[in-house]
2 protein chains.
Amino acid sequence: MTESAHDTSITVAEKAAHKRVRALGVDLGAMDAVANIFRAANSIRNKAERDLLARHGLSFTGFTVLWVLWVWGPQESHQLAQESSVSKSTLTGIVKTLHTLKLVERKAHPSDGRRLIIAPTQKTLHLMEELFPRFNQLEKEVTSGLTKKEKSGLIKKLRTILHALEG
Amino acid sequence: MTESAHDTSITVAEKAAHKRVRALGVDLGAMDAVANIFRAANSIRNKAERDLLARHGLSFTGFTVLWVLWVWGPQESHQLAQESSVSKSTLTGIVKTLHTLKLVERKAHPSDGRRLIIAPTQKTLHLMEELFPRFNQLEKEVTSGLTKKEKSGLIKKLRTILHALEG
DNA sequence: TTGATTTCATTAGGCTCCGAACGATATCAT
DNA sequence: ATGATATCGTTCGGAGCCTAATGAAATCAA
């Protein structure tokens with residue numbers, strides 16, 4: 001066994017990092033786990049934007065917001081921001097962009113003049129019905145090296161990390 | 001068994017998403033895996049920026065660039081960009097910021113006038129020796145719900161995903 | 001050698017992204 | 001009732017982030 005297309009042993013970058021921090025009493029497992037989460041997220045994000053989203057004028061975050069609206073239906077602004085993992089001020093800008101694309105509507109809250117309801121449009125629903133299966137196809141491809149059981153294990157471990165972050 | 005602090009069963013957000021896409025023949029495992037990678041990456045990034053990096057005037061990407069320079073030493077610009085997962089033009093801006101913080105130097109390539117060598121400074125080395133152990137402490141905390149073996153499994157699965165993205 | 005091509009980093013333009021400051025609305029105390 | 005407080009979304013200022021266009025330097029052709 002030397003090198004193969006499905007080699008999952010330590011990379012040269014990881015080796016160099018280990019050498020650097022060896023004297024500092026560092027948790028290498030925690031380090032590599034976090035580093036690889038970022039590498040994976042970056043790569044998938046870039047691929048999705050390039051191959052799928054750019055042609056619709058959508059950023060990854062814009063797509064995420066649309067996804068949340070598609071799944072949950074109309075949302076109050078602050079809920080939508082939280083569920084999409086962006087700040088309120090970022091959401092203001094994203095919603096502005098999506099509004100010019102006619103992909104969201106802003107509606108007044110019936111009883112509270114401060115609040116704003118963001119709602120998907122018919123165009124959003126059509127777009128997501130076309131776009132989401134393609135996005136899922138990409139998700140399938142990037143996880144194609146894992147069995148169903150391995151995917152479950154991955155999901156569970158990531159949830160554990162998210163729980164630690166909430167606590 | 002109802003709810004507990006370490007519950008890793010399906011979340012309400014995941015349930016809502018499953019309901020929405022049920023009719024579309026979607027791979028739910030792939031979907032949840034990718035979604036949780038993004039949730040984890042976003043949360044860790046935000047926490048690191050807020051709790052650790054902001055007080056030094058560093059963005060997460062700026063920290064990543066410093067980390068690469070710390071691990072690998074002086075790098076040519078395009079190598080540094082690739083290893084840090086940003087475009088060359090983004091790196092130009094990041095380096096500019098780091099330069100005003102006196103955390104990098106730009107050096108001319110000895111034989112090729114087009115190329116640029118980016119090098120860490122003494123200040124960088126001191127900073128990283130102080131900052132990195134704290135960053136690793138954060139990494140330890142967010143992965144504290146996982147055993148050493150589980151972390152290895154997580155790392156291996158993420159590498160598998162990265163291999164699929166390179167292919 | 002000089003003109004064409006290639007390969008670097010930077011600039012230009014336009015979103016994304018954040019925290020802080022801001023105005024508007026609602027609520028709470030008295 | 002009315003002033004203090006809290007809670008909304010937006011704006012502001014500044015950095016990050018991308019692709020495409022640009023400019024500088026090296027290489028290749030003939």
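In what follows, every chain begins at residue 1, and chains take the letters A, B, ... in the order their sequences are listed. Small disclaimer: the values here were computed from a predicted structure and weren't measured.
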Length of the CZ-C1' vector between A/R115 and C/dG23, whole Å: 18 Å
OP1 or OP2 of C/dT7 under 4.0 Å from side-chain N/O of B/H78: no
Nucleotide nearest B/I94 (side chain, heavy atoms from C-beta), chosen from C/dT7, C/dG19, D/dC17: D/dC17
B/R50 vs A/G93, nearer the 5' end of DNA chain C by closest nucleotide: A/G93
Nearest-nucleotide pick for B/T92, side chain only, options being C/dA9, D/dG16, D/dC18: C/dA9
Side-chain donor-acceptor pair present, A/S59, A/T61, cut-off under 3.5 Å: no
Sugar-phosphate only, base, or nothing, as touched by B/S111 at under 4.0 Å among non-hydrogen atoms: sugar-phosphate
Whole angstrom value for the distance that separates P of C/dG19 from CG of B/D51: 11 Å
Rounded distance in Å - CZ (B/F60) to P (D/dG16): 14 Å
Residue-phosphate contact under 4.0 Å: B/T90 side-chain N/O, D/dG16 OP1/OP2: no
Whole-Å gap separating C1' (D/dT7) and CD (A/Q79): 14 Å
Whole angstrom value for the distance that separates P of D/dT19 from CZ of A/R55: 15 Å
Pair B/E14 + A/R159, salt bridge at N-O below 4.0 Å: yes
No-hydrogen, no-angle side-chain donor-acceptor test under 3.5 Å, A/D7 and B/H163: no
Short side-chain N/O contact from B/T97 to OP1 or OP2 of D/dA15, under 4.0 Å: no
Proximity to the side chain of B/R114 - top-ranked nucleotide from D/dG16, D/dA26, D/dT7: D/dA26
Below 4.0 Å: OP1/OP2 of D/dT10 and any side-chain N or O of A/R106: yes
Sugar-phosphate, base or nothing in reach of B/S59, heavy atoms under 4.0 Å: sugar-phosphate
Short side-chain N/O contact from A/S89 to OP1 or OP2 of D/dT10, under 4.0 Å: no
Distance (rounded to the nearest 0.5 Å) between B/I161 CD1 and A/L154 CG: 5.5 Å
Among C/dG19, C/dT16, C/dT10, the nucleotide that comes nearest once only the side chain of A/T61 is considered: C/dT16
Rounded interatomic separation in angstrom, taking CD from B/E49 and P from D/dA15: 14 Å
Between C1' of C/dA9 and CD1 of B/I117, the distance in whole Å: 13 Å
First of A/K88 and B/V86 reached from the 5' end of DNA chain D, by closest nucleotide: A/K88
Among C/dC18, D/dC18, D/dA24, the one nearest A/N46 by side-chain distance: D/dC18
Interatomic distance where CD1 belongs to A/I118 and C1' belongs to D/dC8 [whole Å]: 12 Å
A/K151/A/E139 salt bridge by N-O under 4.0 Å criterion: no
Side-chain donor-acceptor pair present, B/S89, B/T92, cut-off under 3.5 Å: no
